[in-house]
Structures are given as C-alpha cells and as structure tokens.
Trainee: 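Please read through the structure below; I'll follow up with questions.
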Number of protein chains: 4
Amino acid sequence: MDPASHLGASRMLVANACRVLGARGLAEDVLGHISLRTGPDRMLVRCRGPREEGLFLTTPADVREVDLDGAPVDGEPSEWAAPNELPIHAEILRVRPDVDAVVHCHPPSVLLAGLEDVPLRPVFGAYNIPAARLALEGVPVYPRSVLVRRPELGREVAAALGTASVLVLRGHGIATVGSGPHAVEQAVGRALALDVLARVSVDCARLGGRAEDLPPEDVAELPDLGGSFNDVTLFRHHLARLRHEGLLLR
Amino acid sequence: MDPASHLGASRMLVANACRVLGARGLAEDVLGHISLRTGPDRMLVRCRGPREEGLFLTTPADVREVDLDGAPVDGEPSEWAAPNELPIHAEILRVRPDVDAVVHCHPPSVLLAGLEDVPLRPVFGAYNIPAARLALEGVPVYPRSVLVRRPELGREVAAALGTASVLVLRGHGIATVGSGPHAVEQAVGRALALDVLARVSVDCARLGGRAEDLPPEDVAELPDLGGSFNDVTLFRHHLARLRHEGLLLR
Amino acid sequence: MDPASHLGASRMLVANACRVLGARGLAEDVLGHISLRTGPDRMLVRCRGPREEGLFLTTPADVREVDLDGAPVDGEPSEWAAPNELPIHAEILRVRPDVDAVVHCHPPSVLLAGLEDVPLRPVFGAYNIPAARLALEGVPVYPRSVLVRRPELGREVAAALGTASVLVLRGHGIATVGSGPHAVEQAVGRALALDVLARVSVDCARLGGRAEDLPPEDVAELPDLGGSFNDVTLFRHHLARLRHEGLLLR
Amino acid sequence: MDPASHLGASRMLVANACRVLGARGLAEDVLGHISLRTGPDRMLVRCRGPREEGLFLTTPADVREVDLDGAPVDGEPSEWAAPNELPIHAEILRVRPDVDAVVHCHPPSVLLAGLEDVPLRPVFGAYNIPAARLALEGVPVYPRSVLVRRPELGREVAAALGTASVLVLRGHGIATVGSGPHAVEQAVGRALALDVLARVSVDCARLGGRAEDLPPEDVAELPDLGGSFNDVTLFRHHLARLRHEGLLLR
C-alpha cells in the first residue's frame with residue numbers, strides 16, 4: 001500500500017471513529033476529536049472545515065495531517081482548521097511515544113461524576129470488564145475546566161495523564177489513548193468503557209452509593225480478554241450500529 | 001434579491017429553526033414559536049394554520065408576517081393565527097431595538113430548574129462554553145407561570161429580560177433573543193445552551209449540588225469563540241441532524 | 001354515511017389512537033386499550049386477535065364491536081377476544097352517559113407517582129395548560145392494584161372515577177374519558193396530559209419537591225384553550241408524528 | 001420435519017431472540033447469549049464468529065450446536081467460539097432437566113438494583129403481572145461478580161438459581177430459564193419481566209422506596225394469564241418491533 005492510500009484508510013478509520021463517539025452521545029454537536037500519529041512529529045486529526053456538520057457526520061476530508069503545532073503538512077488544503085484544543089493531542093503524543101491515538105470528547109456522565117465528586121470505584125465485575133479494570137487501575141483527573149488551546153495547558157493535561165490510558169478533564173470531558181496497530185479502536189473502546197463506568201457510578205450515587213468494592217477473589221476472576229476482543233470486535237459492533245443507523249462511511 | 005424572495009428565505013430559516021427546537025425536545029407537541037423582525041413594527045412569526053402538525057413539522061407557510069399587535073401584514077392569508085403569546089415577541093421587539101429574533105419554547109430541564117430553585121451556576125467550563133458563559137452572566141427569571149397573551153404581561157416579560165440574552169419563564173419556558181444577520185441562529189443557539197446549562201444543573205442537584213463555582217483563573221481560559229462558531233456552525237450541525245432524521249426543509 | 005362506513009372510520013380512529021399511546025410510551029408491549037361508545041349498550045374496543053402484535057401496531061381489524069358484557073355484536077368475527085379488563089370500559093360507560101370514549105393504559109410516570117405518593121400538584125402553568133388544569137381539578141385514585149376483569153371491580157373503578165375526567169389506578173395505570181364528537185381525541189389528550197403532569201411531578205420530587213402551588217392570580221391567567229386546540233390539534237400532531245415514524249394508518 | 005430443518009428454525013428463533021435482548025437494551029454491545037437444549041448433553045448457543053457484530057445483529061449462523069463442554073457437535077464449523085461463559089448454560093442445563101432454554105444478559109436496571117441493594121418487592125400489580133409475580137416469588141441472587149468461565153463457577157450459578165426461573169448475578173447480569181415448546185420465548189419473557197421489575201424498583205428507590213407491599217386480597221386478583229399470553233404473544237410483539245426497526249430476521 002502506498003503512503004497516500006494508507007492515509008486514505010486511516011482518514012476513513014478516524015472519521016468513522018468520530019461518528020461512533022457522536023452517535024453514542026460521547027460528545028455534543030460539533031465538539032470532540034480524534035488523532036492518529038503518522039510520524040514522530042505529525043498526526044492525522046479531525047479538523048473543522050468550511051462545511052462542518054458535527055462529529056457524528058465527520059467525513060474523511062475532515063481528517064487532515066498536521067504537525068504537533070497544528071500546521072498543515074505539505075499538500076493539505078488550508079480550508080480546514082486544526083481543533084482549538086490541538087495541544088491535548090500534541091502534548092500527549094510528544095511525551096508518550098507509546099501512544100498512537102488520542103480521543104478527546106465530552107461524555108455527560110463523566111462530566112457529572114467529575115463535578116459532583118462521584119468516585120469511580122470497582123463495584124461491578126463481569127457486567128463490563130474493561131470498565132471494571134479502569135476502576136481497578138484508578139482514573140486520574142485534570143482539575144481545570146479550561147479550554148486547552150495553549151501548549152502549556154496541553155502539557156498540564158499530559159502530565160495529569162501520566163502513564164495512564166484515560167484521563168478525566170474535570171468540568172470539561174475526557175482524553176483517552178491507544179497504542180499499536182489498533183490504536184484508534186483501543187482509544188475509542190477506552191472512552192466507551194470510561195463512559196460506562198461513569199454512568200454506573202452516577203446511577204449508584206443517586207441510590208446512595210453504598211456498594212462495596214469487589215473483593216480480591218472476585219477481581220481475580222476478571223481476566224483481560226485481550227485487545228482483539230476488547231477493541232477490534234467492539235469497534236466492529238459499533239461500525240455495524242452506525243451502518244444500521246445509516247451513518248457508516250465506507 | 002427582491003423583498004419577496006428575501007422573506008421566502010427567512011420563512012424557510014424560521015421554519016427549520018422551529019424544527020430544530022421541536023426535534024431536540026425544547027418544546028412539546030404544538031407549543032413554541034420563533035419570530036424574526038422584518039421592520040420596526042413587524043415580524044415574521046411562526047403561526048398556527050388550519051393543518052397545524054406541531055413544531056417539529058413547521059412549514060414555511062406557517063411563518064407569517066404580522067405587526068406588533070398580531071394583525072397580518074397586507075397580502076398575508078387569514079387562515080393562520082398568530083400565537084396566543086405573540087406579546088412575548090412583540091413587547092421584546094418593541095423595547096429592544098438591538099433584537100432581531102426571539103425564541104420562545106419549553107425545555108423540560110429549565111422547567112425543573114425553575115420550579116425546584118436549582119441554581120444555574122458556573123460549575124463547568126470547556127464542556128460547553130456558551131452554556132458556561134450564560135451561567136457566568138446570570139440568567140434572569142420571570143416568576144409568573146401565566147399565559148402571556150396580553151400586552152401588559154408581555155411588557156412584564158420584556159422588563160424581566162432587561163438587557164440579557166436569555167430569560168427563564170418560571171413554570172412555563174424560556175425566551176431567548178438574537179441580533180444581526182444571524183439573529184435566528186443566535187437565538188436558537190442560546191436556547192440550546194440554556195437547555196444544556198439547566199440539564200447539567202439539574203443532574204448535579206440530584207447528586208447533591210456541591211460542585212464549586214469555577215475559579216477566576218479558569219474562567220479566564222474560556223474564550224468566547226465568536227458568533228461564527230457558536231451560532232452559524234452549530235446551526236449547520238442542527239440542520240444536518242434534521243437532514244439525517246428526514247426533517248430538513250430545503 | 002351508512003353505518004358500516006361510519007364504523008370503518010371509527011375503527012381507524014381508535015386504531016391510530018392506540019398507536020399514539022403505544023408509540024409515546026404510555027403502555028408497554030401488548031397492554032392498553034381504547035373504547036368508543038356506539039350505542040347505549042355497545043362499543044368499539046381494541047381487542048386481541050390471533051396475530052396480536054402490540055398496541056403501537058394496532059390495526060383497524062383489532063377494533064371490534066362488543067356489548068357491555070364483552071360479547072361480540074352480530075357479524076363480528078370470533079377470533080378476537082375482548083380485553084380481560086373490559087369492565088373498566090363497560091362499567092364507566094354504564095354509569096357515565098356523558099362519556100363516549102375510555103382510554104386505559106400504563107404510563108410509567110403515573111405508576112411511580114402512585115406508588116411513591118408523589119402529589120400531582122399545580123406547580124406549573126403555561127408549560128402545559130391541560131396538565132396544569134388536571135392538577136388544579138385534582139386527580140382521583142383507585143387504590144387497588146388488581147386486574148379489573150370482573151364487573152364488580154369495574155364498578156369500583158367507575159365509582160373512583162366519579163365525575164372526573166381522569167383516574168389513577170394505583171400500581172396499575174390510568175383511565176381517562178372523553179365526550180362528544182372528538183371523544184377519542186379528548187380521552188387520548190387527557191392521558192397525555194396526565195402523563196406530563198406525573199413526569200414533572202416525579203422529576204420535581206427527585207429534586208426535593210418544594211415547588212409551591214401556583215397563586216390564584218396566576219391560575220386566573222391560564223385559560224382553557226378549548227377542545228379544538230387541546231384535542232383536535234394535538235391529536236393531529238400525534239398523527240403526524242406517527243406518520244414521520246412510519247406508523248400512521250390511513 | 002427432518003432434524004436439519006428443525007435446527008434451522010431453532011437457530012432463527014434463537015437469533016431473533018438475541019436481537020430482541022440487544023434491541024431492548026438488556027445487553028450492551030457484544031455481550032449476552034441464549035441457549036436452547038437439543039439433547040441431554042448438547043445445545044444450540046449463540047457463539048462468536050469471525051465477523052461478530054453484536055447481539056442485536058445476531059445471525060442464524062452465529063447459533064451453533066455444542067456439547068456441555070463447549071465442543072462443537074459434528075459438522076459445526078470451527079470459526080465460531082462458544083461463549084466464555086458457556087458454563088452458565090451448561091451447568092444449569094445439567095442440573096435442571098426441566099429447563100430447555102437459558103438466557104444470559106446484562107440489564108442496567110438489574111445491575112443497579114443488585115449493587116445498591118434495592119429490594120425487588122411486590123409493590124405493583126396489574127401494571128405488569130409477570131413482573132409482579134417474579135417479585136412475589138422472590139428473586140435469588142448469586143453474589144459474585146466473576147466471569148463465569150469455569151465449570152465450578154457455573155455450578156455455583158446453577159446452585160444459586162436452584163428451582164427458580166430467574167437469577168440475579170450481582171455486579172454482572174441475569175440468568176433466566178424456560179421450558180417446553182416455547183422455552184426460548186419464556187426465558188426471554190422472564191428476562192424482560194425482571195428488567196421491568198428492576199426498573200420500577202430502582203425508580204421507586206430514587207423517590208424514597210416507601211411503597212408498601214401489595215395486600216393479599218389484591219395479590220389474589222393477579223391471575224397468571226398463561227404462557228400463551230405471557231410468552232408467545234409477547235414474543236410476537238417483540239418480533240414485530242424488530243420488524244418495525246428493520247432488524248427482524250425471517
């Protein structure tokens with residue numbers, strides 16, 4: 001596959017992944033974006049073009065290649081603007097060479113949990129193992145509700161993420177990361193799992209929030225089912241759901 | 001463009017804007033309306049015709065030109081009746097020459113916040129900047145739950161709005177205004193932002209409502225992204241969503 | 001119009017009205033029914049046939065003419081069974097000559113309000129005038145959670161309704177009535193209004209339920225907008241919504 | 001009917017039943033499965049194939065015949081893997097010869113009720129008789145939140161179920177069983193009824209949870225309407241709903 005067609009498939013992947021986030025309610029209207037590393041200092045990222053219609057209608061043409069400062073790579077058209085919050089992507093990619101994809105979006109459940117200090121505890125297990133494992137690992141929080149449009153704010157976000165796979169941006173949204181050949185699928189899967197964790201946590205809090213943490217002997221029976229299952233199969237499901245809704249790009 | 005075709009485009013704009021409000025749940029069934037100033041003493045306004053089907057199915061023919069007393073302008077057919085609550089539009093347009101469009105609708109979240117005295121505080125930031133800025137500016141409340149069908153009641157509403165851009169009508173709904181060439185888009189965007197603010201506020205209240213107001217240093221990092229982004233792009237998204245739902249007029 | 005074609009239009013009306021209740025969530029799956037008086041001792045009523053598919057897919061053939069004991073009127077096919085709860089309809093029609101249509105369905109909001117003793121108070125006004133007026137009039141409650149399949153239970157229900165237009169069946173559902181040439185539309189409109197009243201009341205209760213009753217001077221500004229508006233226009237809206245959803249019979 | 005075509009109809013039945021569970025929100029994404037006994041030591045069960053798209057898009061080809069250890073029966077292709085949690089099905093079928101079908105899925109309402117110790121009490125009646133009867137019979141709970149992928153865990157689950165028809169797997173989901181010629185329809189109907197019971201119970205708990213249990217004289221008026229009504233008619237409704245949503249296999 002020549003580089004151009006490789007990028008073509010990646011643009012399509014990122015565009016469909018954006019549609020998944022939008023269609024599942026993880027970002028409102030025109031907000032939210034996904035990046036995919038294409039080199040040490042460049043990425044494909046969901047940009048805003050002259051006919052922007054919202055995240056759940058992202059097109060491959062909305063996914064442009066830019067450098068870590070947001071400047072378009074040679075040959076990219078100038079009508080698309082990198083996200084205001086490109087520093088979320090750029091600064092994470094800069095300090096996390098293991099990371100190949102970054103998701104930023106605004107799940108309402110995570111917003112509520114963050115604002116009202118609802119703990120994201122490991123109270124359930126096989127209901128959703130990826131979500132349970134996020135709770136077991138602990139979810140870091142970036143406490144500032146700011147628009148991350150300057151590199152220094154992006155560095156604060158990257159520092160708050162540290163070596164974790166997901167981050168709550170309090171009063172704002174989330175950032176999740178993915179690595180390897182299915183980096184986008186993994187980052188999206190982690191965003192969806194964090195949303196499940198927050199939804200259950202918020203719903204439990206409304207009922208008193210007295211559920212106990214899982215005992216170690218039950219935690220031991222919650223295996224990581226592996227990226228093929230967690231990420232690739234789950235993503236295929238979400239593409240099929242887009243197809244059923246008349247939203248799948250192909 | 002001659003006046004007739006100008007009004008044709010405006011009728012279409014108002015009709016689609018009504019469909020946005022209806023499809024997004026900001027008004028139930030046949031309630032809610034939008035006006036657009038067409039002169040110092042006249043407006044286009046969503047009226048009720050002989051085949052009324054509800055706000056989310058508003059047609060351009062439902063948008064008629066009337067004067068500030070609700071009388072049809074020359075040439076307008078008589079089968080359409082101006083809203084019972086025309087005084088909301090007329091009295092705001094009368095005392096606010098800067099206002100070109102008025103939205104009146106009934107978001108359930110705002111109803112709840114108003115009835116149960118849930119404060120609309122600035123507890124979030126980049127999650128939704130227009131909504132955060134409404135909270136920072138403060139949202140005035142008209143305390144009476146009446147049908148605003150008399151001019152004196154409309155004057156009470158206009159006085160409660162004052163110089164603000166949005167108003168809660170307690171036990172009833174909201175009024176929002178817009179100005180300039182994208183007045184309708186702006187008034188609709190403000191209605192949507194007020195709905196987001198009320199939804200988050202109500203959901204926080206259900207969890208205790210202990211979130212703290214944003215500190216000034218975070219507020220300083222929440223720029224107004226400008227009317228082009230806030231209003232025009234957001235409205236384009238909502239038209240695209242109508243299109244996806246089979247509801248877009250064009 | 002000869003009697004047969006008159007009944008044909010009425011069967012269609014009742015079937016579409018059943019679809020409205022089902023599509024709007026006022027009854028789960030195969031439950032709920034509507035009757036329309038066709039004489040002093042007979043009615044059209046939504047029955048259950050051999051290919052029953054649920055309330056939101058009611059067909060005109062599901063609407064059969066029976067007497068007040070549930071026996072099919074001459075010429076009606078025998079494959080359709082009158083509802084188990086026919087006594088709700090029969091006993092109300094027997095003691096309320098002013099009533100021409102009866103709706104029975106199970107709105108979840110009303111179930112909750114009934115079970116948890118959430119009061120249905122007049123705390124809002126112009127948000128929804130028909131719902132506000134139901135609260136002002138007071139909503140009677142039948143306290144037993146039984147299946148109303150015997151005439152004596154039906155008489156208890158009719159007695160609990162008294163001269164009112166709506167009734168809560170605690171732990172069960174609701175019954176509403178309509179009169180005159182638009183009896184079905186009126187009974188459906190009252191069911192929808194009662195659902196709105198219960199939903200707002202339940203949502204307020206979750207936030208503390210401290211809203212005060214409307215003062216008399218605001219109540220005075222909530223006119224009855226009349227059956228043409230409340231019933232006929234609202235029903236036309238709901239038929240249009242069915243059409244948009246691919247559910248309208250015609 | 002020869003054995004092959006018998007299995008063909010059964011595969012179709014199980015696949016549509018899986019779609020019902022997925023479309024109605026009783027299992028998230030790719031989770032959940034249904035089995036149907038085909039012999040003392042074998043069953044049809046929803047497996048995961050190379051193009052898995054999620055429960056609501058199950059195909060007849062996803063329903064494979066395996067023995068109680070999960071090994072494919074002669075002639076079955078090898079690309080489909082039995083569920084990780086096959087022991088839920090196998091161990092119940094082993095100790096309950098009366099059982100012909102097992103449903104396993106993850107209704108969010110049941111998760112919440114289990115985590116927050118919301119009691120599933122008989123507080124309503126004719127609203128939903130099958131759900132009320134589950135509450136009257138009492139719903140057993142398996143307290144461990146583990147992935148049931150080993151036979152000994154499956155035996156714990158089967159022991160917790162005992163002679164009941166439904167079981168809550170705390171922090172995980174549910175198992176329900178069915179018997180006889182409509183075993184799948186019955187097991188699905190019980191899963192749907194348990195979901196209703198948990199939803200109402202959770203919603204009541206949010207309002208204080210003070211509703212009283214039904215008195216005996218009202219319980220006596222809640223007849224079992226029989227499997228034909230509870231299971232077959234209800235399932236026909238759910239197939240019709242799938243058809244309306246473009247999801248029915250036939």
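Side chains included, hydrogens not; waters and symmetry mates left out as well; all remaining heavy atoms used. In what follows, chains are A, B, ... by sequence order, proteins preceding strands, each numbered from 1.
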Trainee: I would like to know whether Glu116(C) and Arg206(D) meet side chain to side chain contact (heavy atoms under 4.5 Å, CB included); could you show each step before the answer?
Mentor: CA-CA 10 Å; Glu116(C) 293 291 327; Arg206(D) 284 183 179 140; over 6 Å; no
Trainee: Below 4.5 Å from any heavy atom of chain D, which atoms of Leu169(C) appear? Answer side chain, backbone, both or neither.
Mentor: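 For Leu169(C), neither part sits under 4.5 Å from chain D.
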Trainee: How close do Ser145(C) and Phe124(D) get, heavy atom to heavy atom, and via which atoms?
Mentor: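 Shortest heavy-atom contact: OG-C, 3.5 Å.
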Trainee: Taking Arg51(C), Glu245(C), Glu85(C) one by one, which has the highest count of heavy-atom pairs under 4.5 Å against chain D?
Mentor: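 It is Arg51(C).
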Trainee: Given 3.5 Å as the limit, does a donor-acceptor pair link the side chain of Glu221(D) with the main chain of Val148(C), or not?
Mentor: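 No, because the side chain of Glu221(D) does not come within donor-acceptor range (under 3.5 Å) of the backbone of Val148(C).
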Trainee: Residues in salt bridge (Lys or Arg N to Asp or Glu O under 4.0 Å) with Arg236(D), at least two apart?
Mentor: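 Arg236(D) satisfies salt bridge (Lys or Arg N to Asp or Glu O under 4.0 Å) with no other residue.
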Trainee: If we only count heavy atoms from C-beta on, is the Arg199(D) to Pro108(C) side-chain gap below 4.5 Å?
Mentor: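 With C-beta onward as the side chain, the pair stays apart.
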Trainee: Return the minimal non-hydrogen interatomic distance between Leu115(C) and Ala211(D), and the atom names on each side.
Mentor: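 For Leu115(C) versus Ala211(D), the nearest heavy atoms are O-CB, 3.3 Å.
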Trainee: Against chain D, label Glu28(C) side chain, backbone, both or neither, depending on which of its atoms sit under 4.5 Å from a heavy atom there.
Mentor: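 The side chain, not the backbone.
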Trainee: Gly54(C) and His237(D): which non-hydrogen atoms are nearest, and at how many Å?
Mentor: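 In terms of heavy atoms, the two residues are closest at CA-ND1, 3.6 Å.
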Trainee: Of all the heavy-atom pairs spanning Ala126(D) and Val146(C), show the shortest one and how long it is.
Mentor: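 Closest heavy-atom pair between Ala126(D) and Val146(C): CB-O, 3.4 Å.
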Trainee: Identify which part of Val219(D) has an atom lying under 4.5 Å from any heavy atom of chain C, answering side chain, backbone, both or neither.
Mentor: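 No part of it gets close to chain C.
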Trainee: Does any heavy atom of chain C fall under 4.5 Å from the side chain of Leu207(D), the backbone, both, or neither of them?
Mentor: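 For Leu207(D), backbone and side chain are both near chain C.
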Trainee: Drop me the distance from Glu52(C)'s CD to Leu234(D)'s CG, to the nearest 0.5 angstrom.
Mentor: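 Result: 10.5 Å between the selected atoms.
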Trainee: So which part of Leu239(D) gets closer than 4.5 Å to some heavy atom of chain C, the side chain, the backbone, both or neither?
Mentor: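 Nothing of Leu239(D), per the 4.5 Å heavy-atom cut-off to chain C.
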Trainee: Can you say whether Arg243(D) sits under 4.5 Å from chain C via the side chain, the backbone, both, or neither, judging by heavy atoms?
Mentor: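 Side chain only.
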Trainee: Sort Leu225(D) into side chain, backbone, both or neither according to what part of it lies under 4.5 angstrom from a heavy atom of chain C.
Mentor: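 Contact with chain C: side chain only.
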Trainee: Around atom CD of Glu212(C), are there more than 12 heavy atoms of other residues, nucleotides or ligands at under 6.0 Å?
Mentor: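 No, not enclosed.
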Trainee: Shorter than 4.5 Å, heavy atoms on both sides: which option in Asn84(C), Leu147(C), Leu153(C) has the most such pairs with chain D?
Mentor: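 The residue among Asn84(C), Leu147(C), Leu153(C) with the greatest pair count is Leu147(C).
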Trainee: Provide the closest heavy-atom pair for Gly246(C) versus His244(D) in the form atom of the first, atom of the second, distance.
Mentor: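 Of all heavy-atom pairs spanning Gly246(C) and His244(D), the closest is O-CE1, 4.2 Å.
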Trainee: Flag the one option from Val202(C), Leu247(C), Asp117(C), Val118(C) with the top tally of heavy-atom pairs under 4.5 Å to chain D.
Mentor: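 If we count pairs closer than 4.5 Å to chain D, Leu247(C) comes out on top.
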Trainee: Any idea which heavy atoms bring Phe56(C) and Arg241(D) closest together, and the distance?
Mentor: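 Minimum heavy-atom contact is CZ-CG, 3.9 Å.
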